[in-house]
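So you know, we letter chains A, B, ... as the sequences are listed, proteins then strands, and number each from 1.
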Amino acid sequence: MPDRFETISFDELPKHFDAAEAEDKWGQHWDERGVYRYDPTRPREETFVVDTPPPTVSGSLHVGHVFSYTHTDAIVRHRRMRGQNIFYPMGWDDNGLPTERRVQNFFHVRCEPGVPYDPDLKLEPASAKKIKKERPLVVSRRNFIELCNQVTQQDEQAFMALWRRLGLSVDWAQEYATIDDRCRHLAQLSFLDLHEKGHLYSHEAPTMWDVDFQTAVAQAEVEDRPKQGAFHDIRFGVQGSDRSFVISTTRPELLPACVGVTAHPDDERFQDLFGKNAITPLFHAPVPIFPSELADPEKGTGILMVCTFGDQTDVTWWREQKLPLRQVIGRNGRLVELTFGEGDYPSENPEQANRFYAELQGKTVVSARKDIVEMLRAPEGRAAGDDAPLQGEPRPTDQAVKHYEKGDRPLEFVTTRQWFVRLMDKKDQLLERGRQIDWHPRFMQQRYEIWTENLGLDWCVSRQRYFGVAFPVWYRLDAQGEPDFDAPILADAASLPVDPMSDTPPGYEEAQRDQPGGFTGEPDVFDTWFTSSLTPEIGSHWRLDADRHQRLFPADMRPQSHEIIRTWAFYTIAKAHLHEQTVPWHNVVISGWVVDPQRKKLSKSSGNAKTSPPELLDAYTADAVRYWACGARLGTDTAYEEKVFKVGKRLVTKLYNAGKFVLSQEAERHPITHELDRAFVAELAALVAQATAAYDEFEFGKALMATEQFFWARFTDTFLELTKARARGDLGDEAARGSAVAALRLGLNVLLRLFAPVLPYITEEVWSWIFAKETGQPSIHAAPWPSAADFEAVDAPADPGSFALAIDALTVINKRKSDDGVSVGRVTEELTLAANAATAARLEPVWEDVAGAARCQAKTLTSKDGLDDGAFEVVSATFAEKPKKG
RNA sequence: GGGCGGAUAGCUCAGUUGGUAGAGCGCUGGUCUUACAAACCAGUGGUCAUCGGUUCGAACCCGGUUCCGCCCACCA
C-alpha cells in the first residue's frame with residue numbers, strides 16, 4: 001500500500017474559524033504544556049533574556065500597551081523558534097504615586113502618617129456622590145499601604161487577563177511586582193551596595209519640590225510647560241545713596257526672599273554698584289550687589305534679583321556667594337511665617353516690612369503675586385505711579401515653567417534633606433556604557449546621549465510618599481532628640497527587606513523609637529525608578545542567587561518606549577554600571593507611539609483612546625490586533641486605523657481556509673519534482689531568508705509584510721490556483737500530483753511558521769490538524785523557525801523564473817476572462833496563447849499548469865515575433881456557456 | 001535656541017547599495033468559481049513637500065526652505 005499524505009476531512013472542520021474559542025483553547029494548552037517556560041538548566045549562550053517593562057498598574061489600559069507589548073512578543077516568539085531558551089518575565093510596577101492617587105480616588109481616603117492603624121478597616125469603592133459630598137476619610141500609613149496592595153492586586157489581575165488573551169508568551173512563573181518582598185529586598189540591597197561604594201549621600205539643600213504632592217522630584221521627572229507670565233519692572237534702591245536701578249522679574253512674590261542682586265561683570269551700566277548693597281522695596285532688606293558671568297546683559301534690564309529660590313541659577317548664586325537662606329515658600333506652596341528685622345531677615349524698616357509681609361503670609365504663590373503687585377504699585381496710601389516701585393504695567397511674556405510630570409502646579413525649590421545618587425561625576429562612563437548597547441532604531445541612542453550630557457543634578461532618590469520601598473535606614477537621636485543624619489544606621493543585609501517605621505535597627509529596642517538617645521526611622525521611600533531601574537537584576541535574582549544571575553545578566557533585550565529613555569533606560573544603565581560595572585542589556589528596542597489621525601499620542605486623558613483593549617480584542621480577535629501592531633516599524637509612530645484590524649482578520653480567515661484546502665488534498669507521498677513546484681519552493685526559500693534577516697534586526701514589521709505579500713500574491717492567489725488541477729488528479733500522473741501536494745504542504749507549513757510570531761492562534765490551530773503529529777512538534781511555537789534545512793531535499797528548478805512566468809501567463813488569461821465578463825472558474829473551451837519564441841520555450845514546462853488553472857479543454861502555445869520577453873497575448877479564446885443552476 | 005524623526009496614490013504605509021514609482025484599504029467594472037462572497041478577477045489613481053546641486057540617470061546622495069511630530073535647553 002503506497003504511503004499517502006495524511007489529510008483532514010474537510011467537512012469535519014467548522015466552516016468559520018472561531019477565534020474566541022481558539023484563544024481560550026490554545027491559551028490553556030500553552031500553559032499546560034509549559035511551552036513558554038524558561039529552562040534554568042540551559043547555559044547563558046543559548047538563552048535569550050528579555051527585560052520586560054513592568055507596566056504601571058494604575059488601572060488605565062490602552063491600545064498603546066497592546067501595541068508595544070505585542071512587538072516584544074513577536075520578537076520573543078521568533079527567538080524561541082530559533083531554538084533559544086527564552087526568559088520572558090512579567091512584572092507589575094505598582095509602587096509609587098500613580099497607585100496612591102488611584103487609591104485616594106477609589107476609596108476617597110487621605111493618608112495621614114500620624115493617625116493610628118485600624119486593623120478592622122474595610123472600605124468599599126467610593127461613589128461619585130460620596131466623593132463630591134464628603135471629605136476624604138483620613139487613614140493611617142499602614143492602612144493606606146494595605147489599600148494600595150488591595151487595589152494593585154486587582155489591577156494586576158486585569159492586566160494578566162489581557163496579556164494572556166493577547167497571547168503574550170510570557171513565562172508566568174517569573175511574575176513579580178515592584179512592591180513585593182523580593183523587589184523590596186533587591187532595592188534595599190541596591191541601596192546598601194551604592195552606599196558602601198560611596199555613590200550615595202544625603203544632604204539638606206534646595207531641591208525641586210512639588211507643592212501638591214509635597215515631595216522632592218528628580219530632574220528626569222521634570223518637564224517644561226509653556227505658561228503665560230509677565231515681566232514686572234521693579235525699582236530697587238541702593239544703600240546710602242540716591243542711586244536706584246530697575247530689575248525685571250516674572251516672580252515678584254519672591255521679593256521677600258531676595259538675598260542679592262547681580263549683573264554681568266562687564267556691564268557698563270552697573271559698574272558703580274558692585275560691592276554695594278541694594279535695598280529691596282517694601283521690605284527694605286539690604287542685599288549685596290555682585291557681578292556674575294551667569295547674568296545675561298541682554299535679558300530683562302540686565303540686572304536681576306537673586307532669591308531663595310526662583311530657579312536653578314539662584315541656587316548656584318546662593319551657594320557660590322554664600323548668601324543667607326530666606327525660604328519664603330513652604331512645603332505646601334504657601335508663604336511661611338517669618339519676621340523681618342530678625343535673624344536672616346534684616347530690614348532697614350522692619351515695622352513696614354512686617355506689615356507688608358503679614359498680608360502675604362499663608363497665601364499661595366499665585367495670590368501672593370497678585371497682592372504684592374498691588375503693594376508695589378501703590379505702597380501705603382501713595383497713588384500708583386507716584387514714585388511706586390513698580391515701573392509701568394507688567395508686560396506679558398511666554399515662559400517655560402518647570403513642572404513635575406504628574407503635577408499641576410509649578411515646582412518650587414525648597415530646602416529639605418534628601419538622598420542622592422552621585423551621577424554628575426560619572427557622565428563619561430555612562431555615555432560609554434550607552435555606546436556599548438545596540439539601539440534599535442539607532443537614532444534613539446541620541447536621546448540617551450543628549451540627556452546624559454545635559455544632566456545637571458545628581459539623582460534625588462528620596463520621595464516623601466507612602467506606597468513605596470522604604471529606605472533601610474534609621475538615625476540616632478541625640479540627648480535633645482535631634483537626629484544624626486551624618487551617621488545613619490543601615491540595616492543588616494541579612495535582615496532585608498525592612499521597614500524602618502516598624503522594624504527596629506540593630507542594637508535598639510522598639511521602646512527607644514523617637515526618644516532622645518534612641519533612634520528614628522527614615523520615613524521616606526525610594527523614587528519608583530530606584531526599584532524599576534533594577535528590572536534586569538530583579539529577573540536575575542542579583543545578590544540572591546549567583547548561579548541564576550550569571551545565566552540571566554546582562555539581559556539581551558530591553559523593549560521600551562522613547563519618552564522614558566531619560567528615566568528608565570538611563571537609570572537602569574546607571575545601576576548596572578554602579579553595581580556590576582557592565583551594561584544591563586545588549587539591545588534596546590524602542591517602539592513608537594500609537595497616534596490618532598491628528599498625530600497626537602493616544603491616551604486616556606486626551607480622550608482619543610475610545611476603545612479599550614478588551615473591547616478591541618472582542619471586536620477584532622487577538623491575532624488581528626497583533627497583526628496591526630506588528631505592521632509598525634521600530635521607533636516610528638503608528639496611526640490607529642480600524643481598517644487595519646479588518647485586514648488582519650481577513651488574513652486569519654484566509655489562513656484558515658487555505659489550511660483546510662491544502663491539508664485536505666489527497667495524494668501519494670512524493671518528492672517535489674515538478675518544475676513549477678521547484679520554482680515556487682525557490683521563491684519560498686528566498687522569502688525565508690528575507691524574513692529571517694528582518695527578525696535579526698528586530699524588524700518584525702518587515703518580516704510580516706514580506707510574508708503577507710508572499711502569502712497572497714505567491715501562494716493563495718497563484719500557486720494554489722496553478723496546482724489545483726494537478727493536486728486533484730485531473731492533470732498528470734501520480735508523481736505530478738504528489739509533487740503538487742507536497743509543495744502545497746511545504747508552502748503552508750513554512751508560511752504558518754513565518755506567521756506564527758505575529759498570529760499565534762490561527763497558526764497553532766492549523767498546525768494542530770496535521771503538522772503537529774507529522775513533525776512531532778505539538779506546538780508551532782516550539783517548532784523550528786524555517787531555514788534552508790526545510791528546502792534541502794528539493795532540487796533547484798531548471799528556471800528559477802518559471803513560477804513567475806506562469807503567474808504572468810495566467811494573469812493575461814484572467815484579464816481576457818474579465819474583459820469578456822466571464823468568471824475565472826468558467827471552462828475555457830479553446831485557448832491560443834502567444835509569446836515570443838524564447839518566452840514560449842520558458843513557459844513550456846509549466847504550460848500544462850497554466851492551462852489547467854485556466855480550465856482549458858483545448859490549448860495552443862504559439863510563438864509570435866515582436867512580443868517583449870515575458871509578455872503574453874491571448875490570440876483566441878472561447879469560453880463555455882454559463883453552467884445551468886441545479 | 002540646539003537636536004532627532006517624518007513629508008511618496010483619497011487614506012495607512014513599503015521602497016534594500018542611485019537605474020522605467022509599489023502594496024493594502026478606498027473607488028470603478030466584472031464574477032456565486034467544488035478552499036474561501038468573511039472570496040476571486042480586472043481596472044482607476046502619484047510633478048515622490050519645495051528650491052538648488054552632484055550624476056548619463058535622483059523618491060534615494062549633498063545644501064537651503066516650509067510644514068508635522070518629538071526630545072533637550074539656567075525659565076531673571
For [N], take OP1 and OP2 only and decide whether either is under 4.0 Å from a side-chain N or O of [X].
| X | N | value |
| --- | --- | --- |
| A:Arg566 | B:rC72 | yes |
| A:Lys702 | B:rA14 | no |
| A:Lys817 | B:rU33 | no |
| A:Arg650 | B:rC40 | yes |
| A:Lys299 | B:rG1 | no |

Quick one: label A:Ala658 by what it contacts on the DNA or RNA (base, sugar-phosphate, nothing), any heavy atom closer than 4.0 Å.
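It contacts base atoms.
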Does A:Ala295 reach a base, just sugar-phosphate, or nothing at all? Heavy atoms under 4.0 Å.
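Contact class for A:Ala295: base.
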Ignoring hydrogens and angles, does a donor from either the side chain of A:Lys654 or the base of B:rC36 sit under 3.5 Å from an acceptor on the other?
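Indeed there is one.
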Is any N or O donor-acceptor pair between the side chain of A:Ser818 and the base of B:rG29 shorter than 3.5 Å?
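Yes.
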With respect to the side chain of [X], which nucleotide from [options] is positioned closest?
| X | options | result |
| --- | --- | --- |
| A:Gln219 | B:rA73, B:rC40, B:rA37 | B:rA73 |
| A:Gln709 | B:rA23, B:rA37, B:rA73 | B:rA23 |
| A:Gln446 | B:rC40, B:rG3, B:rG15 | B:rG3 |
| A:Glu641 | B:rA76, B:rU12, B:rC36 | B:rU12 |

How about A:Tyr571 and A:Trp459: are their ring centres within less than 6.0 Å of each other?
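For A:Tyr571 and A:Trp459, the ring centres are under 6.0 Å apart.
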Assess the pair A:Phe719 and A:Phe711: is the distance between their ring centroids shorter than 6.0 Å?
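They do not qualify: ring centres at least 6.0 Å apart.
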Ion pair present between A:Arg714 and A:Glu683, side-chain N to carboxylate O less than 4.0 angstrom?
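Yes, this pair counts.
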Taking atom [atom1] in both [N] and [M], compute the distance separating them and give it to the nearest angstrom.
| N | M | atom1 | value |
| --- | --- | --- | --- |
| B:rC62 | B:rC41 | C1' | 46 Å |
| B:rU28 | B:rG10 | C1' | 14 Å |
| B:rA49 | B:rU55 | P | 23 Å |

Does the plane of the ring in A:Phe67 sit parallel, tilted or perpendicular to the ring in A:Trp628? Use 30° and 60° as the thresholds.
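Rings of A:Phe67 and A:Trp628: tilted, 30 to 60°.
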Mutual orientation of the aromatic rings belonging to A:Tyr448 and A:Trp439 [parallel < 30°, tilted 30-60°, perpendicular > 60°]
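Correct class here is tilted.
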